[in-house]
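Data first, discussion second: the structure below is written as structure tokens.
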Amino acid sequence: MNTTLRENIDWVGAIDWNIRDFHGYDTERGSSYNAYLIRDEKTALIDTVKAPFTAELLRNVAALCELSQVDYVVCNHAELDHAGALPEVLRAMPRATLVCDKKCVAALGAHFDTSTWKIQTIADGDSLSLGRRTLRFVTTPMVHWPESMFTYVPEEKLLFSMDAFGQHYASGVRFDDEADLPAVMQEAKTYYANIGMPYAKPVLQCLDKLAGVELDTIAPSHGLIWRRHAAEIVAAYRDWAGRRCQPKVLVVYDTMWQSTETMAQAILEGAARPGVNASLIHVRRTNLTKIATEVLDAAAVAVGSPTLNRRMMPMIAAMLCYLDGLRPLGKAAVAFGSYGWGRGGPEDVNEALQRMQWDVFREPLRAQWRPTPEVLDECRRIGQELADRALNPPPLESGQ
Ligand code: FEO
């Protein structure tokens with residue numbers, strides 16, 4: 001495997017082929033925890049790995065230099081998939097000084113006994129010379145945690161971007177031009193939707209900070225390294241964080257005895273037309289990770305639930321709870337669903353859609369027991385309206 005980014009700059013991380021559940025995120029293609037070693041007059045390790053992969057990281061570093069010769073360990077992000085190995089790494093590298101910002105010092109202190117660690121605290125814009133190369137630190141709060149930062153090597157136009165631009169993608173190759181690019185882009189989109197989306201505003205601020213910075217290579221903490229398509233992934237992030245929607249209608253539903261499903265199919269029928277990507281998602285047949293990814297760039301969403309015990313069905317509630325946390329804004333939306341002797345399902349959905357500040361443009365559409373032909377006609381009409389709205393979305397508000 002080619003792991004060399006530049007002469008004496010190498011990937012030394014670990015590939016997690018078997019992970020399928022990353023704190024609830026369905027990682028169907030596994031993941032990787034990327035760490036990088038820069039050998040110069042001084043030697044710096046950029047980030048570490050999840051604790052169970054510590055031995056692999058140390059082996060990869062030891063293949064390139066003596067562990068006792070490492071001068072700095074930079075921590076761009078305190079989350080445990082990147083910092084979990086730190087205690088053992090610092091024990092194995094007695095000369096190394098940990099380099100991070102003061103919020104990171106506090107976060108690491110909450111997770112580990114840091115009392116014996118040598119720590120150099122840096123601030124936004126600070127630089128550290130390694131000899132021929134310089135590390136320049138760019139704080140990026142809330143992309144993903146408060147202490148998150150990038151490390152930039154200006155001499156190489158190389159950015160170590162921590163979670164940003166990453167993908168949960170295990171692979172036998174390390175670079176974007178060695179892999180199936182559409183699959184890598186799809187995983188980057190899934191990663192943004194499920195990790196980055198709540199932080200759209202900080203992501204945009206971070207992209208503004210990068211404007212004017214020469215970027216030949218972006219080396220994230222997960223997945224493949226962008227050396228051929230760096231500009232494309234930055235542009236994609238601008239679209240995603242800018243909440244740019246596609247002419248896309250999603251009809252997401254659960255069903256008990258196919259009444260709500262029949263309504264969902266009629267809405268889809270009304271929405272389907274050339275130029276509109278309309279699709280149907282059964283919430284118990286599709287995982288939440290995929291649903292969030294579909295919602296990211298959908299302009300219009302219909303959510304349906306029958307009434308179960310006076311409430312919406314539990315997986316619809318789980319999905320809406322998850323989406324509420326991810327904060328996808330600016331969707332045209334409608335609730336629908338069936339009921340028998342007591343209402344509750346579509347009403348619960350409607351309330352959740354409004355709480356998310358989506359543009360809920362009408363009252364929930366309900367069917368008692370079975371949808372009548374009139375109700376199904378109304379479903380088709382609503383589908384058409386969702387498609388109209390998806391084709392003519394309102395202008396994006398600046399700073400959204
Ligand atoms: Fe990959 Fe926010 O950690």
Side-chain angles (χ1 to χ4, degrees), residues 11-36 45-54 56-57 73-87 89 98-101 103-112 137-151 159-171 174 184 187-203 205-207 218-226 233 237 240-241 288-289 292-293 296 322 325-327:
W11 177 91
V12 289
I15 300 170
D16 193 347
W17 290 97
N18 296 321
I19 189 167
R20 291 293 178 272
D21 179 345
F22 189 101
H23 60 45
Y25 180 138
D26 281 271
T27 46
E28 292 179 353
R29 288 188 166 107
S31 192
S32 73
Y33 314 111
N34 297 339
Y36 302 92
L45 175 66
I46 311 291
D47 291 316
T48 72
V49 295
K50 217 175 187 177
F53 295 86
T54 307
E56 203 169 324
L57 168 70
V73 176
V74 175
C75 182
N76 281 321
H77 182 18
E79 194 165 7
L80 296 179
D81 48 335
H82 310 295
L86 266 179
V89 164
L98 179 71
V99 179
C100 60
D101 81 353
K103 283 182 277 185
C104 193
V105 174
L108 293 173
H111 285 88
F112 309 113
F137 305 107
V138 183
T139 58
T140 57
M142 300 319 298
V143 184
H144 167 217
W145 278 12
E147 84 299 341
S148 299
M149 70 172 189
F150 293 169
T151 297
L159 183 74
F160 298 106
S161 65
M162 176 262 313
D163 281 342
F165 313 118
Q167 330 96 48
H168 283 312
Y169 188 93
S171 170
R174 298 270 43 88
V184 179
E187 289 303 333
K189 182 178 179 183
T190 302
Y191 190 89
Y192 178 80
N194 288 274
I195 301 289
M197 186 153 48
Y199 312 111
K201 204 169 174 180
V203 168
Q205 287 164 348
C206 161
L207 294 175
I218 298 176
S221 294
H222 297 288
L224 299 190
I225 298 160
W226 303 97
I233 189 61
Y237 258 60
W240 297 332
L288 296 183
T289 305
T293 308
L296 170 66
Y322 185 51
L326 292 174
R327 281 184 276 169

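Since the structure is predicted, the reported quantities are computational estimates derived from the model, not experimental observations. Basis for what follows: all heavy atoms, side chains included, without hydrogens, waters or symmetry-related copies. Every number for a ligand or one of its atoms is a count from 1 in the order of the listing.
At least one side-chain heavy atom of Leu57 sits less than 4.5 Å from a side-chain heavy atom of Val12.
With His222 as the fixed residue, the side-chain contact (heavy atoms from CB on, under 4.5 Å) test singles out one of Asp81, Asp16, Thr27: Asp81.
Heavy atoms only, all atoms of each residue included: Ile218 and Pro220 are closest at O-CD, 3.2 Å.
The name of the N, O or S atom in Glu79 nearest to atom 2 (Fe) of ligand 1 is OE1. Within Asp163, the N, O or S atom lying nearest to atom 1 (Fe) of ligand 1 carries the name OD1.
Among the backbone and side-chain atoms of His77, none of the N, O or S atoms lies under 2.8 Å from atom 1 (Fe) of ligand 1. With 2.8 Å as the limit, His144 counts as an N, O or S neighbour of atom 2 (Fe) of ligand 1.
Ion pair Arg29/Glu187 flagged as a salt bridge, since at least one NZ, NE, NH1 or NH2 atom sits closer than 4.0 Å to an Asp/Glu carboxylate oxygen.
In this structure, Phe165 and Phe150 have tilted ring planes: the angle between them lies in the 30° to 60° band.
Rounded to the nearest 10 degrees, the angle NE2 (His222) to atom 1 (Fe) of ligand 1 to OD2 (Asp81) equals 80°.
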